[in-house]
Amino acid sequence: MSQKKSYRRVIRHLTTGFAAVLVFLALIVPDQIFRLPPGNSVFTALLRVPVEALIAGALLLLLPQRGRLGRARRPIAGGLGVLLGLLTVVKLIDIGFFAVLARRFDPVLDWILVDDAYNFMVDSIGEPGTIGLSVALVLASIGLVAAMTWAVLRLSGIALNHRVAAWRGIGTVAAAWVALTLMGTQLIGGIPVASHTAADLAAHTALALPNDLADRKRFAAEVQVDAYRDRPADQMLTALRDKDVIVSFIESYGRDAIENPAFNSAVLTSLAANQQALTAKGFAARSGWLTSSTAGGGSWLAHSTFLSGLWIDNEQRYRSLVSSDRLTLTRAFKSSGHRTVGVEPGIIFAWPEGAFYGYDHIYDSHTLGYNGPGFSWSPMPDQYVMSAFQKLEYGPADRGRLLAEITLTSSHTPWAPVPSMIDWDAVGDGSVYGPMVANAEGPTSVWKDENRMRAEYARSIAYSMDSLLGHMAEYGRDDLVMVFLGDHQPASAVVGTQATHDVPVTIVAKDPAVLDRIAGWGWTDGLKPGPAAPVWRMDTFRDRFLAAYGPEGDPH
């Protein structure tokens, strides 16, 4: 009998210990978990004192043992457990967001990204695996909330059965928390020992809706401020009226692709080779840096920021923008007399927002004539996109002036398989790419090795660069002007959590007068911006560009 009692006592201690560890970790683990140091020192970083446990413990102990409030103790403890469980689920989502998008999850606006995440997983592990993983995540979330509720109820019961010891423990730890707060003590990684992580997360989650409503009001005021709203059409982009212009976004082309020595060799090699080829054809370039409104994903936010001159960093701002009459760069070119086309191979569904940008025609994945295989997320290779653009729009001699906004997608995650450049005359309808995909490794294999994944990322950027600039060297006429840039940095899995949001931006032209217009910008000569080149917010580019190539930018 005594052996059975001893066994039960051990089980009680183990379950109580498990409950304590579960609640403790839920309270103190930061949502930017990748700030924690690797190796054994991570345990040092977890030596924290959570103020939320002290407050909740004191609240439950202060409730009377009898009466209506006494009977409410267990429902209150259960409610706190449910709340902590839900916050823990949100924290886990935050950890994922920081890892990919370098920001927190917005519980009001970010649900639209679920579809993108699902499609990414389908590309990476297939649809059956994605469905299984999705079901597992839902069940795990439910199980986590249930486990956290049980843990809080368990610990509250133990505290009530040992009230004196519980009060002494709370008092001692509270004094330590106050002292650590006043001293600002930090053990490692810049994380304070006196923790209020869960309270901060609860506040952020609770304030999401009012903050988003306030931001909606701010944006409504911002969109009304536009120095070019009433600019007459004959005063718009006067220096480019006799030019064809390409504005191209290269997916995930971030500053680290150029400056991070861990994986930048393929990109630097591509830039050097394309610089030589373009120089031989008489083209020159200047380059700088822009700070994107997003990182890791959300390309449409960066595109709209660049083209509208407004800071678009969430879905609410984007939806408000595309329902407005804001002047975009594409509309400005349309006013100046250019035919405006959007080349958007990544668009596979209806895209009503296209009307906002003012395109005369949009080419999407269904209308570019591609008859080859997809490359993971990217429906078609970038070289095919540029080849189709050449045949459909740029090549014909009997056309008017052209503004083409081209989005290149071969460098989109998961960066496998990466196409290879082929002879431009061999591109055809894209069926030539069939064997290339059949013989390539897929994302699942590449992503098993972090170094391999980074190398493939860089190789995809180099391929996009070779496709875009190779087209310019092969087909570019004397009157062609190109603006190309990255939309955002790649995911933190490639660049880490401390990377900037900076992306390269370059203007290429053969006519010296085009680059003379931006001589005062301080940009670096060539395709590769130097480390000292100026860094501007992406939303400032539209006005700088319109001023440089309008009447006020005439250097004479």
Please confirm whether [X] makes a cation-pi placement over [Y], using NZ or CZ under 6.0 Å from the six-membered ring centre and within 45° of the ring normal.
X: R255; Y: W289; value: yes
X: R459; Y: W415; value: no
X: R477; Y: Y394; value: yes

Over 60° means perpendicular and under 30° means parallel, so classify the ring planes of [Y] and [X], tilted if in between.
X: Y318; Y: W300; result: perpendicular
X: H303; Y: F249; result: parallel
X: W351; Y: Y357; result: parallel
X: W424; Y: H471; result: perpendicular
X: W536; Y: W521; result: perpendicular

Point-to-point distance, once rounded to the nearest 0.5 Å, from [atom1] of [X] to [atom2] of [Y]:
X: R317; Y: F219; atom1: CZ; atom2: CZ; answer: 6.0 Å
X: S410; Y: D382; atom1: OG; atom2: CG; answer: 3.0 Å
X: S365; Y: I347; atom1: OG; atom2: CD1; answer: 8.0 Å

Where do [X] and [Y] come nearest, in terms of heavy atoms and distance?
X: A462; Y: A266; result: CB-O, 3.6 Å
X: P504; Y: G254; result: CD-C, 3.8 Å
X: A285; Y: T506; result: CB-CG2, 3.9 Å
X: R542; Y: F306; result: CB-O, 3.9 Å
X: T413; Y: W377; result: O-CB, 3.4 Å
X: P261; Y: E259; result: CD-O, 3.1 Å

Any carboxylate oxygen within less than 4.0 angstrom of a Lys/Arg side-chain nitrogen, looking at [X] and [Y]?
X: K281; Y: E474; value: no
X: R218; Y: E222; value: no
X: K334; Y: D360; value: yes
X: R399; Y: D244; value: yes
X: K510; Y: D478; value: yes
X: R452; Y: E441; value: yes
X: D479; Y: K243; value: no

| query | Are more than 12 heavy atoms from other residues, nucleotides or ligands located less than 6.0 Å from atom CD of E552? | reply |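 Atom CD in E552 is packed in, count exceeds 12.
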| request: Could you tell me whether the side chain of F541 reaches within less than 4.5 Å of the side chain of L485, counting heavy atoms only? | output: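 The answer is no, as the side chains (C-beta and beyond) never meet within the 4.5 Å cut-off.
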| If we only count heavy atoms from C-beta on, is the Q383 to P419 side-chain gap below 4.5 Å? |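 A side-chain contact under 4.5 Å is absent here.
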| Hey, does the side chain of T328 reach the backbone of R331 with a donor-acceptor pair shorter than 3.5 angstrom? |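 The answer is yes, because a donor-acceptor pair under 3.5 Å joins these two groups.
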| said: Keeping Q275 on the side-chain end and L527 on the backbone end, is there a donor-acceptor pair under 3.5 Å? | reply: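 Present.
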| task | Would you check, one step at a time, whether the test side chain to side chain contact (heavy atoms under 4.5 Å, CB included) holds for M453 with K448? | result | CA-CA 8 Å; M453 177 260 293; K448 289 178 181 178; over 6 Å; no
| Test ring-ring contact (aromatic ring centres under 6.0 Å, His included) applied to H361 and Y359, step by step | CA-CA 5 Å; H361 189 81; Y359 297 117; 10.0 Å; no
